[in-house]
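Bear in mind the structure is a predicted one, so any value in this text is a computation, not a measurement. In what follows, chains are A, B, ... by sequence order, proteins preceding strands, each numbered from 1.
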Protein chains: 2
Amino acid sequence: MSSARVGAIRSQSQLKVTSTGSSSFRSPHAPRNSVLLGDNVPLMAGLPAESVDLVFADPPYNLQLANALTRPDQSRVDAVDDDWDKFADFSAYDSFTRDWLAAARRVMKPNATIFVIGSYHNIFRVGAMMQDLGFWILNDIVWRKTNPMPNFRGRRFTNAHETLIWAARDSSCRSYTFHYEALKAGNEDCQMRSDWLLPICTGGERLKDAAGRKTHPTQKPEALLARVMLAASNPGDLVLDPFFGSGTTGAVAKRLGRDYLGLERDPAYAAAARERIAAIEPLPDEAIAAAPTKRSAPRIAFASLVESGLVAAGAMLTDLHGRHRAMVRPDGALALGQIVGSIHKIGALAQGLPACNGWTFWHFESGGGALAPIDDLRTIARASLAAAAE
Amino acid sequence: MSSARVGAIRSQSQLKVTSTGSSSFRSPHAPRNSVLLGDNVPLMAGLPAESVDLVFADPPYNLQLANALTRPDQSRVDAVDDDWDKFADFSAYDSFTRDWLAAARRVMKPNATIFVIGSYHNIFRVGAMMQDLGFWILNDIVWRKTNPMPNFRGRRFTNAHETLIWAARDSSCRSYTFHYEALKAGNEDCQMRSDWLLPICTGGERLKDAAGRKTHPTQKPEALLARVMLAASNPGDLVLDPFFGSGTTGAVAKRLGRDYLGLERDPAYAAAARERIAAIEPLPDEAIAAAPTKRSAPRIAFASLVESGLVAAGAMLTDLHGRHRAMVRPDGALALGQIVGSIHKIGALAQGLPACNGWTFWHFESGGGALAPIDDLRTIARASLAAAAE
DNA sequence: ACGGGTGATGAATCGCCTT
DNA sequence: CAAGGCGATTCATCACCCG
């Protein structure tokens, strides 16, 4: 997506709609870069279907602390005991979960994905409900906390992680956004794993009121949201957060050039989030622009390399070890003895395999008798194509 | 538990009952150190209620493989496609899960706990069902694999972990076994966290047939089972595994001086497991004996220290900084001015806190004017108590 | 014996476009 | 819409062979 488009979307969308919970507005486009006040289910019902690119949801965890929790020094742990985290029983929590998940699914574009974060108190119910509603789980991801709260009673393992579920809208969604190569490049050239080690949100990042009390009990670290958005969204995408809280999703979205839409029931949280996001400075477009990937590179026919003279008709190609030899035909096909076919087909045939990437399998003799893959020639062809387009 | 008791339990239990799946046997005690052949639900129905100390369950994951998967070198991945992992739909899997979980819950002693392992394909359904059946989740634990299979198509995060759910039979179970201090001592004096880093089962540990094929497609590493049993069972305890498979639970139980009961449907798996376990050499009792913990150490009344002369009546105790001073009364109470109470109550009162551990708060003057906690005197008292019991 | 190279393998819901 | 072609894609570990 070009930065021009990003700008256009941003400018159209500073409407700051405020709703009281009824489906009081309808528009062909979802509002962008706003915090909508009210219950998220009717608010989502008021959004156009298939209008958001990514959902991040941090629903109430349904924590069940029977009694007050104290540290060994008898100081009281400031546990989550807000009204929004109280449910009569599992059935009430399931019903709540079904409602918001179904509403979120409706507004997801066909190739959108959703992340939901939770702990063992609620994540199993959330995950089962997602499967029941037709979501297609892509991964579960473990956020390993570098600095979790210890288990003060010494009766359990330190609860040192939370779980995220990443899912597509349904099982047929195959072209969801996933920046595999960028993540790998940023991870020592190793695939990004399903376990992420990140600190919890503390220090200057943690929102506090004038008296020093934390604004929101479960503020998520921006690094977590950043990894989510960098992995599964593009600049200019609309990220919906139906449990906006302190607005971490909005803050990170703005910084990373994504658009956000936050839904929040509590006016105080919404106000704190708006203030927080207003202070965010977006990163420059160059820092955000999606890196070109091999999958997105323009397709080049091997025939065009022959036509342009990068490969001579009649030249012999071999595999890296010189075990197989094939001749380049003027029409861009390869000939292995009497058999003629594409670079891929002939490569597969030569090895007795069902498939083969001919670009990396076949080599030509470059300077000094060294062998180089014909993929190098494709790179040259792509460069001259790009130069011609300037 | 003494090693004598461990020996007694072991000798009673080498019956090796074999059942074909009907509830054909009844006994006041569950059989021990046996593999029972048949469906686990009727087999568990035939066991006495409240007869096992720990359950470890590795149920089918309900993997849903659409197509064959190949590595980048076109080699075929040997996926799990066994009949026992085929379910018509989520509803069939839920029903299967409910049945075996309910049967397992019935045979758990009131303070028994259960570990269930799974992946994102099934663990959410399992966890929700456990909550519905009344299990009380204590932790979810993440087994982080050091050497997971990569994601060959680059379309998702590397699926690098599996999840274990640890639960008590119900929310009222408070005295379940958990060797907090032994785990902490073995973890650089740091609380054991909910994320465990362990390699998958390969190499010599992996059972293979004469042709070199793996005996079981999903054999779990012994290190994983060892951590489970060391954390949540005592020597001589009965560990039930309703999905015994290749018998890792039995092998580790035997090595660690626990008794096992394995339920397995497939005669070939059961036979392989029996052979495997027969070759296991148990560790010596000294290596296994539960380390004494503070909780299990005999309670010592402060009064008994006064009686034995370790503390003199009339002696003054202070906190570490000398801010508070209290006098030892001959009845083992403390006096802070006119107020009299236990070492704990007076310690709390002195600090204005709701509670206080008097053993670590109050200090006495040991040799050379140095202050030492009265807990040191308790340690001495315990040592002489143990010596007297010899 | 040791080291390097090659090959095998593990609970996996693992494409997209054109015709 | 189904079928077929293009062409993109792997990490840690262990076993084995060879020099």
Item to check | Side-chain N or O of Lys214(B) closer than 4.0 Å to phosphate OP1/OP2 of dT9(C) | outcome: no
Next on the checklist: It should be established whether Arg213(B) places a side-chain nitrogen or oxygen under 4.0 Å from OP1 or OP2 of nucleotide dA8(C).
Outcome noted: no
Checklist outcome for this item: Here the distance between atom P of dG10(C) and atom CD of Glu162(B), to the nearest Å, is 14 Å
Check nucleotides 10-13 of chain D for protein N or O atoms closer than 3.5 Å to its own N or O atoms and list the pairs.
residue, atom, partner, partner atom, Å
dT10(D), OP1, Tyr180(A), OH, 2.8
dT10(D), OP1, Lys184(A), NZ, 2.3
dC11(D), OP1, Gln191(A), N, 2.9

Next on the checklist: Between dA1(C) and dC18(D), how far apart are the two C1' atoms, rounded to whole Å?
Outcome noted: 14 Å
Checklist entry - Will you find, in the side chains of Ser175(A) and Asn111(A), an N or O donor that is under 3.5 Å from an N or O acceptor? => result yes
Checklist entry - Any stems for DNA chain D, made of 3 or more Watson-Crick or G-U pairs in a row, each with both distances under 3.5 Å? => result C:2-10 with D:11-19, C:15-19 with D:2-6
Item to check | Heavy-atom closest pair, residues Lys220(B) and Glu205(B) | outcome: O-OE2, 4.0 Å
Checklist entry - In whole angstroms, how far is the P atom of dA11(C) from the CD atom of Gln219(B)? => result 9 Å
Checklist entry - When we call it a touch if two heavy atoms are under 4.0 Å apart, what does Glu205(B) touch: a base, just sugar-phosphate, or nothing? => result nothing
Checklist entry - Does one side chain, of Thr158(B) or Gln191(A), offer a donor that lies under 3.5 Å from an acceptor on the other? => result yes
Next on the checklist: Testing the basics here: between Ala381(A) and Leu310(A), what is the closest heavy-atom pair and its distance to 0.1 Å?
Outcome noted: CB-CD1, 4.0 Å
Next on the checklist: Please report the distance, rounded to the nearest Å, between CZ in Arg125(B) and P in dA11(C).
Outcome noted: 24 Å
Checklist entry - Base, sugar-phosphate alone, or nothing: which one does Ile343(A) contact when heavy atoms must sit under 4.0 Å apart? => result nothing
Checklist entry - Are any non-hydrogen side-chain atoms of Phe157(A) and Ile141(B) less than 4.5 angstrom apart? => result yes
Next on the checklist: Can you see if the side chain of Lys145(B) gets near the phosphate of dG10(C) - specifically, an N or O under 4.0 Å from OP1 or OP2?
Outcome noted: no
Next on the checklist: Using a 4.0 Å heavy-atom cut-off, does Ser175(A) contact any base of the nucleic acid, only the sugar-phosphate backbone, or nothing at all?
Outcome noted: sugar-phosphate
Checklist entry - What's the CD-C1' distance between Glu181(A) and dG7(D), to the nearest Å? => result 13 Å
Item to check | N or O in side chain of Arg155(B) less than 4.0 angstrom from dC16(C) OP1/OP2 | outcome: yes
Item to check | Rounded distance in Å - NZ (Lys208(B)) to P (dC14(D)) | outcome: 11 Å
Checklist entry - Taking N and O atoms by type only, does the side chain of Lys220(B) place a donor or acceptor under 3.5 Å from a partner on the base of dA11(C)? => result yes
Next on the checklist: Heavy atoms only, 4.0 Å cut-off, all strands: where does Trp143(B) land among base, sugar-phosphate and nothing?
Outcome noted: nothing
Next on the checklist: Using whole Å, what does the distance between atom P of nucleotide dC14(C) and atom CG of Leu63(B) come to?
Outcome noted: 10 Å
Checklist entry - Do Glu50(A) and Arg106(A) sit within salt-bridge range, that is, some charged N less than 4.0 Å from a carboxylate O? => result no
Checklist entry - Can Thr215(B) and Arg206(B) be counted as having a side-chain donor-acceptor contact under 3.5 angstrom? => result no
Next on the checklist: By the 4.0 Å heavy-atom rule, please label Pro59(B) as base, sugar-phosphate, or nothing.
Outcome noted: base
Next on the checklist: From CZ of Arg206(B) over to C1' of dT9(C), roughly how many Å is that when rounded to an integer?
Outcome noted: 10 Å
Next on the checklist: Any side-chain N or O of Ser342(A) below 4.0 angstrom from OP1/OP2 of dC6(D)?
Outcome noted: yes
Item to check | Contact under 4.0 Å: His344(A) side-chain N or O vs dC6(D) OP1/OP2 | outcome: no
Item to check | Pair Asp132(B) + Arg125(A), salt bridge at N-O below 4.0 Å | outcome: yes
Item to check | Aromatic ring proximity Phe87(B)/Phe96(B), centre distance under 6.0 Å | outcome: yes
Next on the checklist: With rounding to the closest Å, how many angstrom separate the P atoms on dT10(D) and dC16(C)?
Outcome noted: 16 Å
Checklist outcome for this item: Between CD of Gln351(A) and P of dG7(C) the distance, given in whole Å, is 12 Å
Checklist entry - Which part of the nucleic acid does Arg193(A) contact within heavy-atom distance under 4.0 Å: base, sugar-phosphate only, or nothing? => result nothing
Next on the checklist: Under a 3.5 Å cutoff, is there a donor and acceptor pairing between the side chains of Tyr260(B) and Asp241(B)?
Outcome noted: no
Next on the checklist: Suppose we call two aromatic rings close when their centres sit under 6.0 Å apart. Are Trp84(B) and His216(B) close by that rule?
Outcome noted: yes
Checklist outcome for this item: Walking DNA chain C from its 5' end, the first of Asp78(B) and Arg156(B) to be reached, judged by nearest nucleotide, is Asp78(B)
Next on the checklist: So if I take every side-chain heavy atom of Leu69(B) and compare against dA8(D), dA12(C), dG5(D), which nucleotide ends up nearest?
Outcome noted: dA12(C)
